Amino acid sequence: MVLRPMKKLYEVLAEAFLAEGVDTQFALMGDGNMHWSTTFARLPGVQTIHVRHEHCAVAAATAYNVATGKLAVASVTCGPGVTQLVTALPAAVRARLPMVVFAGEAPINAKFYNQYIDQAPLVTATGAHYVAGHSVPRMMDYVREAFHIAKYERKPVVLGIPYDLQKLDSTSNQPYETSAVYYPKVGRIHPDPAIVADVVERLIAAKRPIIIGGRGVLYAGAKAAVVKLADRCGALLANTLPTRGLFHDHEFSVGIPGSYFTALGREVFETAEVVLAIGTSLSYYVGGGHYFTQACRIQVDDAPRGLRDGQKAADIYVKADALVAAEAILAGIDRKLGPGKPTAASIRSKELAHRIATEPADPTPFDIEPGLLDPREAMHALDSAIPKDWDIVGGSGHQAAWLAQLRGRPAERFTTVREFGAVGNGLSYALGVAAARRQGRDGKLVLIEGDGGLLFHIQELETVRRHGMRMLICVMNDGGYGSEFHKLRADGIDDSLAIFGRPAFENIARGFGLRGHEIREVSIIPKLFANFSAQGESEIWNIQISDKVTAPAIRQTIKRGHGKM
Ligand SMILES: Cc1ncc(C[n+]2csc(CCOP(=O)(O)OP(=O)(O)O)c2C)c(N)n1
């Protein structure tokens, strides 16, 4: 009789991840994870993206989740592999994105190991959860627990397993029972009818109502219901930054409230009487707490918090699923008024629809130096050239204000995770979205990022090249850290230390084996875009923009004094 050799623990651990439905890992190998990661990579249907910095593995995994709705996995080695994660994890925590990070731990039976560090407190300090897998018989329980917490509590979980244990023989002869078996099926949360009745009264009486949609609308599949409700009560529509484009196809959609207000958006929000926010936690930057304080603010959320980012989020709270709540409020209006009978709303007009369709987001004039572009003009040219069904990935910094104003692009094709305010993630997010679209050589993917932000993790251009991903990287190059030099200037402080010059990104691209162009004229964008589309390589456009154009949010900050945005 031939005895089959026992499986190693890292093998059954890899199989458990597959059983959990994971199809993609973003990895950087080391002693602590390489056995697991290489084994997982060979399992059927698994896609592995080897990145060049652990931070980028986690950042890419967050974007993969946003782009697919599927739990993403990152894998890093112990010690220095884990310490690299402390900037990437908080973003996923605050955006409430589920993720499991398979991390090694230093060998538990070694007397000395130079990469040892107490990983749990590092990870929990970021707000992520840590599961330490230290018992061999309980190993599968740890995996299940990690996935359960990640999915149920919507947060990243780091699973740390000492790598000497990973290499032991597995003693389990039971099939792995997935976390899905334990996921409580609680159904959708229904609102309190008395509170719904109050909301109905206010919407019926409101002349100038606005409805803001957030990610909860996308998660609940409530877009159509929210639009129906807005149409019924004559409200304008708006959306948060993570759902940029949610109502792009509606003639009364006024874009993003708060920091990224258009001039017209600010005007209508300043005179709104009722603002109904559905499926958004109403963060400081969307903030009714300091932007539309004259309005009665109503929040529909499955977990309203009241005190949010140091301010009162709303005046009335409806604790409910976005779809159920939108339908209940709509039904309430119909019951109260009778079907078809209009509410008091008068904010919608032909003239307003025309203004929404035609007015620039920010009409403020600036003197532009010859040879440089107004970033608003450059963004408009990109928006015109890039087909509307392409994925857009947003970086951060001052330049992100312009990409917030793209038009006619659905939320499902826009990815950014900005909740921790860290710059330098755009390229990693683009890796995540490229993987989400299975790296198709026909990739229809554009990253728009600042020069400083791209340079944070420029090494990932090698990942792009090695994996044969195709993306167009548009660098809004203002020659420095725009967020900083605009604020320093406003305070009358020498800005020269925030100005680094204008790196030749087109040459940097070529150094990595990619294509590159410098752009100083918007008129060449359509032709360049056609050339890019006709071939399979990634390309960087070094778009030389003026450093004189200050974004509206920064102008507001300057007006109010720093510290608040
Ligand atoms: C990790 C991290 N380091 C530093 C900062 C501070 N910071 C905010 S914006 C910014 C400038 C980014 O430059 P760039 O990507 O060129 O965009 P710009 O502001 O010039 O448009 C910096 C350094 C930050 N937010 N996150």
Side-chain angles (χ1 to χ4, degrees), residues 53-56 58-59 62 83-95 126 241 259-260 283-285 362 366 368-369 372-379 382 393-406 416-430 447-461 473-491 493 495-505 508 519 540-558 562-565:
H53 191 295
E54 288 86 353
H55 167 93
C56 303
V58 167
T62 51
T83 55
Q84 303 277 34
L85 306 185
V86 290
T87 305
L89 286 173
V93 170
R94 292 181 194 195
T126 70
L241 175 66
S259 303
Y260 289 146
S283 76
Y284 187 86
Y285 297 100
D362 173 29
F366 290 91
I368 310 291
E369 315 85 305
L372 294 177
L373 297 171
D374 184 322
R376 298 167 298 184
E377 188 195 359
M379 195 61 70
L382 291 176
V393 174
S396 50
H398 180 259
Q399 64 86 31
W402 320 123
L403 70 96
Q405 310 302 350
L406 298 169
T416 198
V417 184
R418 303 271 302 282
E419 278 79 349
F420 188 45
V423 300
N425 296 313
L427 187 49
S428 307
Y429 295 160
L447 164 65
I448 303 177
E449 177 62 297
D451 48 315
L454 190 66
L455 287 168
F456 262 72
H457 286 293
I458 196 81
Q459 78 284 347
E460 297 307 326
L461 291 178
I473 300 169
C474 298
V475 187
M476 303 297 277
N477 191 351
D478 61 3
Y481 287 166
S483 286
E484 282 65 28
F485 63 64
H486 284 293
K487 293 175 198 164
L488 288 171
R489 283 174 195 169
D491 282 348
I493 297 172
D495 62 5
S496 57
L497 295 181
I499 294 179
F500 299 107
R502 295 173 178 267
F505 285 97
I508 292 174
I519 295 185
I540 296 187
W541 288 2
N542 184 10
I543 305 177
Q544 300 284 1
I545 60 168
S546 167
D547 68 359
K548 301 283 183 291
V549 185
T550 310
I554 297 261
R555 297 204 296 268
Q556 285 291 321
T557 314
I558 292 165
H562 290 185
K564 293 204 177 291
M565 281 200 54

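Nothing fancy with the numbering, it's 1 onward along the sequence. Quick caveat: nothing in here was measured; it's all calculated off a predicted structure. Ligands are counted one by one from 1 in listed order, and the atoms in each one are counted from 1 as well.
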- Query: Roughly how far, to the nearest 0.5 Å, is the CG atom of D362 from the CZ atom of R376?
  - Reply: 5.0 Å

- Query: Who pairs with Q405 by side chain to side chain donor-acceptor pair (under 3.5 Å), at least two apart in sequence or on another chain?
  - Reply: none

- Message: Just to be sure I understand the cut-off, which residues have at least one non-hydrogen atom under 4.0 angstrom from an atom of ligand 1?
- Response: G397, H398, Q399, G421, A422, V423, G450, D451, G452, G453, F456, D478, G480, Y481, G482, S483, E484

- Task: Answer yes or no: is there a donor N or O on one side and an acceptor on the other, between the side chain of E460 and the main chain of L427, under 3.5 Å?
- Result: no

- Item | Set of salt bridge (Lys or Arg N to Asp or Glu O under 4.0 Å) partners for D495, sequence neighbours left out | R489

- Just by modelled atom types, is the K548 backbone N or O under 3.5 Å from a matching donor or acceptor in the S546 side chain? yes

- Query: For Y481, what residues pass the ring pair (Phe, Tyr, Trp, His ring centres under 6.0 Å) criterion, not counting sequence neighbours?
  - Reply: F500

